[in-house]
Amino acid sequence: RVVLLWCKSLRFTFVNEEKIGQLRTDKSKYVIASWHGSMFVGWFLHRPVKGRRISALVSQSKDGEFLSTILERWKYSMIRGSSHIGGKEAMQLMVDAVNGGSALAITPDGPRGPRHEMKMGAVRAAQRTNVPLVLAGIAMEKKKHLRSWDAFEVPMPFSKIAVHYSDPIMVPGELTGEPLDRFKKTMEEMLNQLTMNAEQTLAGGKA
C-alpha cells in the first residue's frame with residue numbers, strides 16, 4: 001500500500017500514450033518493454049486495470065522474489081525465469097500467456113544486463129505471438145540511483161515523470177538469425193532514443 005501511494009504521488013507527462021491506450025481500450029494483446037532500471041515506474045504504469053490481464057517476466061533470483069511480491073499485489077500474473085535461468089521455459093510460458101489472452105510486460109535488459117542492451121525475449125515473444133511490441137522510454141526528475149548493475153532508479157515522491165511511447169511495432173514473422181538480430185538492435189536503439197527524449201522533456205527541451 002505504501003508503494004502504491006508513493007507511485008500515485010508522481011506527476012506524469014506522456015507522449016504518444018494514445019497508441020497504447022487504444023490497445024488497452026480494445027483489450028488487445030501486446031508486449032510492453034521498458035528498461036530494467038526504470039521498472040519501479042514501468043511496472044506501476046502498466047499494471048492491470050479494470051480486469052485486464054497482464055503477465056510479467058520476473059527472474060528467479062532473490063531480487064525477483066521480492067519484486068514478485070509487489071507485482072502480485074498489483075494483480076500481475078507472474079512468469080518466473082530469465083535468459084540465464086530457465087530461459088527456454090520462460091519463453092514458452094510468455095507465449096502461452098499471450099496466446100491465452102494476456103498482455104506481457106518485459107524489462108528487456110534484465111535480469112543482469114548489460115544496462116540498456118536489449119536481449120531477444122521481448123522481440124521474439126511479440127514475433128511468435130504475432131502481437132505488437134510497444135517500447136516505453138521513462139525518465140524521472142528527482143530520483144535516487146541504487147548501486148546496482150542497472151543503476152536502479154527510485155523516484156522521489158511527487159517527482160515529475162516523463163514517458164515516451166513508440167507506435168505499436170509488428171515483428172515480421174519471417175525474420176530469423178542475423179536479420180532478427182538487426183531488428184532487435186533497432187528496437188534497442190529506439191528504446192534508448194525514447195528514454196533520451198523523455199529526459200529532454202523533463203529538461204524543458206524538444207523531443
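When reading the values below, keep in mind they use all heavy atoms of this one structure, side chains included, and skip hydrogens, waters and symmetry mates. Numbering starts at 1 and runs along the sequence shown.
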Where do [X] and [Y] come nearest, in terms of heavy atoms and distance?
X: Trp6; Y: Pro155; result: NE1-O, 2.9 Å
X: Ala56; Y: Leu71; result: CB-CD1, 3.9 Å
X: Leu191; Y: Ala136; result: CD1-O, 3.4 Å
X: Asp109; Y: Lys119; result: O-NZ, 3.3 Å
X: Leu4; Y: Arg47; result: CD1-NE, 4.4 Å
X: Pro179; Y: Leu175; result: CB-CD2, 3.8 Å

Note to self: Using 30° and 60° as the class boundaries, would you call the ring planes of His46 and Tyr165 parallel, tilted or perpendicular?
What the structure shows: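 Perpendicular, since the angle between the ring planes exceeds 60°.
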
Note to self: Would you call the rings of His116 and Trp35 parallel, tilted or perpendicular, taking 30° and 60° as the class edges?
What the structure shows: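 The arrangement is parallel - the two ring planes meet at less than 30°.
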
Note to self: If you apply the rule side chain to side chain contact (heavy atoms under 4.5 Å, CB included), what do you find for Gln127 with Leu180, and how did you get there?
What the structure shows: CA-CA 10 Å; Gln127 182 189 48; Leu180 186 60; 3.9 Å; yes

Spatial distance of atom [atom1] ([X]) from atom [atom2] ([Y]) [nearest 0.5 Å]:
X: Ser77; Y: Ile54; atom1: OG; atom2: CD1; result: 9.5 Å
X: Leu194; Y: Ile138; atom1: CG; atom2: CD1; result: 10.5 Å
X: Arg124; Y: Met94; atom1: CZ; atom2: CE; result: 9.5 Å
X: Asn192; Y: Arg115; atom1: CG; atom2: CZ; result: 8.5 Å
X: Lys184; Y: Leu133; atom1: NZ; atom2: CG; result: 13.0 Å
X: Thr186; Y: Met118; atom1: OG1; atom2: CE; result: 10.0 Å

Note to self: Using the rule side chain to side chain contact (heavy atoms under 4.5 Å, CB included), only one of Val131, Val171, Ile169 pairs with Val31; which is it?
What the structure shows: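 It is Val131; the other options fail the test.
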
Notebook entry, point to check: Considering residues at least two apart in sequence or located in another chain, which fulfil the side-chain hydrogen bond (donor to acceptor under 3.5 Å, both in side chains) criterion with Thr195?
Noted result: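 side-chain hydrogen bond (donor to acceptor under 3.5 Å, both in side chains) list for Thr195, sorted by chain: empty.
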
Could you see if [X] belongs to whatever hydrophobic cluster contains [Y]? Use Ile, Leu, Val, Met, Phe, Trp, Tyr and a side-chain cutoff under 4.5 Å.
X: Phe44; Y: Val154; result: yes
X: Val15; Y: Ile32; result: no
X: Met170; Y: Leu104; result: no
X: Ile161; Y: Phe152; result: yes
X: Met39; Y: Met156; result: no

Would a 4.5 Å heavy-atom cut-off, applied to side chains only, mark [X] and [Y] as touching?
X: Val163; Y: Glu17; result: no
X: Ile20; Y: Phe14; result: no
X: Val3; Y: Phe40; result: yes

Check: Are the side chain of Ser159 and the backbone N or O of Lys142 linked by a donor-acceptor pair below 3.5 Å?
Finding: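 Confirmed, Ser159 side chain pairs with Lys142 backbone.
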
Next item on the list: Output yes when a side-chain donor or acceptor of Arg128 lies under 3.5 Å from a complementary backbone atom of Met91, and no otherwise.
Entry: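 A pair under 3.5 Å: no.
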
Next item on the list: Show your working on side chain to side chain contact (heavy atoms under 4.5 Å, CB included) between Thr129 and Lys29 and close with a plain yes or no.
Entry: CA-CA 9 Å; Thr129 55; Lys29 297 178 290 185; over 6 Å; no

Checklist line | Stepwise side chain to side chain contact (heavy atoms under 4.5 Å, CB included) test for Trp43 and Ser34 | finding: CA-CA 9 Å; Trp43 291 129; Ser34 56; over 6 Å; no

Item checked: Neighbour count >12 (heavy atoms, 6.0 Å) for atom NZ, Lys143 ->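 Counting other residues, nucleotides and ligands, NZ of Lys143 exceeds 12 neighbours.
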
Check: Can you name the one residue among Thr13, Thr201, Asn197 that meets side-chain hydrogen bond (donor to acceptor under 3.5 Å, both in side chains) with His164?
Finding: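 Of the listed options, the one satisfying the test is Thr201.
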
Notebook entry, point to check: Passes side-chain hydrogen bond (donor to acceptor under 3.5 Å, both in side chains), Asp96 versus Gln92? Steps please.
Noted result: CA-CA 6 Å; Asp96 290 345; Gln92 188 58 54; 2.9 Å; yes

Next item on the list: Check step by step if side chain to side chain contact (heavy atoms under 4.5 Å, CB included) holds for Glu188 and Glu117.
Entry: CA-CA 6 Å; Glu188 174 187 301; Glu117 289 188 20; 4.0 Å; yes

Next item on the list: Identify whether the distance between the nearest side-chain nitrogen and carboxylate oxygen of Arg182 and Glu178 falls below 4.0 Å.
Entry: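 Glu178 and Arg182: salt-bridged.
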
